[in-house]
> 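Sending over a structure as structure tokens; questions will come in a sec.
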Amino acid sequence: MEDNRLTNAALLLFAKKPQSFFITSEIKCAQFYGNEITKPIPAYQIYRGVQQYEKAVMEEAKRLEKARLKELEAEKLQKEAEELKQR
């Protein structure tokens with residue numbers, strides 16, 4: 001909420017009939033690896049229509065979780081490699 005009013009994002013995600021507020025809205029989701037913005041974008045998806053918003057949020061959450069797990073695994077492998085070098 002901002003200034004005691006719902007934000008557009010809140011209306012799109014939580015209103016019972018968000019299509020009555022935003023007829024032509026869409027969600028654009030992009031995934032990058034690391035902290036650099038690169039082109040072409042590794043993963044990019046556009047969701048149109050209110051029915052797809054929940055799907056978009058769930059798919060992006062899953063994608064982010066997978067990316068984080070890969071990042072953690074890479075960090076673990078790097079740490080193990082550094083420990084082996086020190087021996």
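In what follows, every heavy atom counts, from backbone to side chain, and hydrogens, waters and symmetry copies are set aside. This chain uses plain numbering: 1 for the first residue, then up along the sequence.
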> Can you give each donor-acceptor pair under 3.5 Å made by side-chain atoms of residues 35-45, sequence neighbours left out, with the distance rounded to 0.1 Å?
none

> Restricting to side-chain hydrogen bond (donor to acceptor under 3.5 Å, both in side chains), what partner residues turn up for Glu59, sequence neighbours left out?
Tyr47
> What's the spacing between Leu69 CG and Leu64 CG if we round to 0.5 Å?
11.0 Å
> Quick one: side chain to side chain donor-acceptor pair (under 3.5 Å) pairs with a partner in residues 69-84, sequence neighbours left out?
Arg68-Glu71
